[in-house]
There are 2 protein chains.
Amino acid sequence: MTANPSFMSGVPELLVLRLLQDREMYGYEIVAAVAAATGQVVAPKEGVIYPLLHDLEKEGLLRAQRRPAGGRTRVYYTLTSKGVRRLFDLTDDWTRMTRAIQHVLKGPSHAV
Amino acid sequence: MTANPSFMSGVPELLVLRLLQDREMYGYEIVAAVAAATGQVVAPKEGVIYPLLHDLEKEGLLRAQRRPAGGRTRVYYTLTSKGVRRLFDLTDDWTRMTRAIQHVLKGPSHAV
DNA sequence: TCTGTATACCTATGTTCACTAGGTATCAAT
DNA sequence: ATTGATACCTAGTGAACATAGGTATACAGA
């Protein structure tokens with residue numbers, strides 16, 4: 001019953017960090033932004049994003065500030081320097097990983 | 001304490017199916033082959049591969065035949081036609097997924 | 001006014017899946 | 001006789017995504 005395709009481990013974290021690199025955002029906004037940025041290919045719901053944001057904040061990768069906006073209270077998140085470093089590391093892992101798999105999927109002759 | 005990087009969901013399945021597309025293999029061989037084919041980037045141990053093989057067989061994606069070889073008994077696995085179809089589907093998912101993420105990682109201007 | 005919908009936050013529970021860490025047995029070599 | 005490689009296996013743990021709720025405010029429309 002997986003709504004998202006099955007290659008999801010660590011992907012929400014990676015995307016959230018990447019989007020917050022461009023600009024601060026609040027949780028509800030991030031949910032929509034992830035889906036929009038990936039063309040609905042990856043679309044984790046609030047039940048995934050909110051706990052993730054809390055964890056990332058607890059780890060010191062994000063800074064949260066609740067701030068009134070448009071009559072409501074929103075919680076805006078920004079990347080910390082630690083968060084930037086994590087983003088770089090994850091991006092690196094992601095690239096190495098996908099490259100390796102791509103290579104296997106592509107050709108035979110792995111024995112050479 | 002993850003030995004492999006964290007983007008692993010469904011990856012062992014994909015790689016096992018892909019490798020078995022080229023030729024039949026036995027479990028112990030597959031463990032080494034996955035690691036070799038990915039240059040050790042993805043290297044699931046026996047505790048991952050064996051249960052996976054059993055599940056895939058139960059799903060009818062693989063056919064298992066135990067056969068004596070070199071004084072030992074090995075269990076050789078081959079792709080069924082259903083397994084081939086699954087491989088295609090997973091490859092497709094994988095490609096769509098990585099493309100989308102790649103796109104997000106690369107540039108800003110997701111708002112356009 | 002009242003109802004519905006969108007916004008905006010949250011969490012408890014379930015489920016899947018890789019990971020760890022074992023265990024058994026055979027064979028070859030020291 | 002003991003070690004190390006081969007070859008199979010499983011039980012238990014944990015991480016992370018998915019489901020399915022819940023609360024509260026703002027606002028438009030009937």
Side-chain angles (χ1 to χ4, degrees), chain A residues 1-17 24-36 38 40-59 61-62 64-77 90 93-94 97 101, chain B residues 1-17 24-35 38 41-59 62 64-77 90 93 97 101:
Chain A
M1 229 30 69
T2 49
N4 280 311
S6 26
F7 307 104
M8 284 290 298
S9 224
V11 168
E13 177 178 352
L14 176 63
L15 293 178
V16 165
L17 292 175
E24 72 167 7
M25 295 174 96
Y26 56 94
Y28 193 78
E29 186 185 12
I30 294 175
V31 173
V34 170
T38 62
Q40 321 299 324
V41 174
V42 183
K45 311 247 184 251
E46 302 167 34
V48 172
I49 297 297
Y50 283 119
L52 174 59
L53 290 171
H54 301 158
D55 289 352
L56 294 179
E57 195 208 347
K58 227 165 277 166
E59 283 185 71
L61 306 175
L62 301 184
Q65 22 185 350
R66 69 173 44 246
R67 193 195 305 159
R72 277 162 216 286
T73 294
R74 293 172 176 165
V75 185
Y76 285 87
Y77 291 92
L90 284 183
D93 287 350
W94 170 260
M97 180 106 182
I101 294 168
Chain B
M1 229 29 71
T2 48
N4 281 312
S6 25
F7 307 104
M8 284 292 296
S9 224
V11 169
E13 177 179 352
L14 176 62
L15 293 178
V16 165
L17 291 176
E24 71 166 8
M25 295 174 95
Y26 56 95
Y28 193 79
E29 187 186 10
I30 293 174
V31 174
V34 169
T38 62
V41 174
V42 183
K45 312 247 183 248
E46 303 167 34
V48 173
I49 297 297
Y50 283 119
L52 174 59
L53 290 171
H54 301 158
D55 289 352
L56 294 179
E57 194 207 348
K58 227 164 278 165
E59 282 185 72
L62 301 184
Q65 23 185 352
R66 68 174 44 246
R67 194 196 303 159
R72 276 163 217 286
T73 293
R74 292 172 176 166
V75 184
Y76 285 87
Y77 291 93
L90 284 183
D93 288 350
M97 179 104 183
I101 294 168

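All chains are named by letter (A, B, ...) in the order of the sequence lines, taking the proteins before the strands, and each is independently numbered beginning at 1.
- In terms of phosphate contacts, A:H54 brings a side-chain nitrogen or oxygen within less than 4.0 Å of OP1 or OP2 of C:dT11.
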- Task: Do nucleotides 21-30 of chain C as a string where each nucleotide becomes B, S or -: B if the base has a protein heavy atom under 4.0 Å, S if just the sugar-phosphate does, - if no protein is that close.
- Result: B----BS---
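- Scored by the side-chain hydrogen bond (donor to acceptor under 3.5 Å, both in side chains) test, B:Y50 finds no partners at all (sequence neighbours excluded).
- Straight-line distance from the OH atom of B:Y77 to the C1' atom of D:dC8: 9 Å, rounded to whole Å.
- Which of D:dA7, C:dC17, C:dA8 sits closest to the side chain of A:R74 comes down to C:dA8.
- For A:E57, there are no salt bridge (charged side-chain N to carboxylate O under 4.0 Å, His left out) partners at least two apart in sequence or on another chain.
- Considering only side-chain atoms of A:Y50, the nucleotide from C:dC9, D:dA18, D:dC9 that sits closest is C:dC9.
- Here A:Y26 does not reach the OP1 or OP2 of C:dC9: none of its side-chain N or O atoms lies under 4.0 Å away.
- A straight line from CE of A:M97 to C1' of C:dA18 spans 11 Å, rounded to a whole angstrom.
- The side chain to side chain contact (heavy atoms under 4.5 Å, CB included) search around B:R72 returns none, not counting sequence neighbours.
- In this structure, CD1 of A:I49 is placed 9 Å from P of D:dA18, rounded to the nearest angstrom.
- Taking atom CG on B:L52 and atom C1' on D:dA11, their separation rounds to 17 Å, with Å as the unit.
- Candidate nucleotides D:dC17, C:dC9, C:dA18 were compared by shortest atom distance to the side chain of A:V75, and C:dC9 ranks first.
- A 4.5 Å side-chain heavy-atom check between B:E29 and B:R74 finds every atom pair outside the cut-off.
- In this structure, A:L53 atom CG and C:dC10 atom P are separated by 8 Å, rounded to whole Å.
- Computed from coordinates, the A:L14 CG to D:dA16 P distance equals 14 Å when rounded to whole Å.
- When heavy atoms are screened at a 4.0 angstrom cut-off, A:P51 is found touching base atoms of the nucleic acid.
- Listed nucleotides C:dC9, D:dA7, D:dC9 differ in distance to B:Y28; the shortest reach to its side chain belongs to D:dA7.
- Not counting sequence neighbours, the partners of A:E59 by the salt bridge (charged side-chain N to carboxylate O under 4.0 Å, His left out) test are A:R86.
- At whole-Å resolution of the value, CD in B:E29 and C1' in D:dA5 are 15 Å apart.
- B:A69 and B:Y76 get closest at one heavy-atom pair: CB-OH, 3.7 Å.
- When each of C:dT11, C:dC9, D:dC8 is scored by its nearest atom to the side-chain atoms of B:R66, the top-ranked nucleotide is D:dC8.
- Rounded to whole Å, atom P of C:dG14 lies 21 Å from atom NZ of A:K45.
- By the ring pair (Phe, Tyr, Trp, His ring centres under 6.0 Å) test, B:Y28 is found to be paired with no residue, residues two or more places apart in sequence or in another chain being considered.
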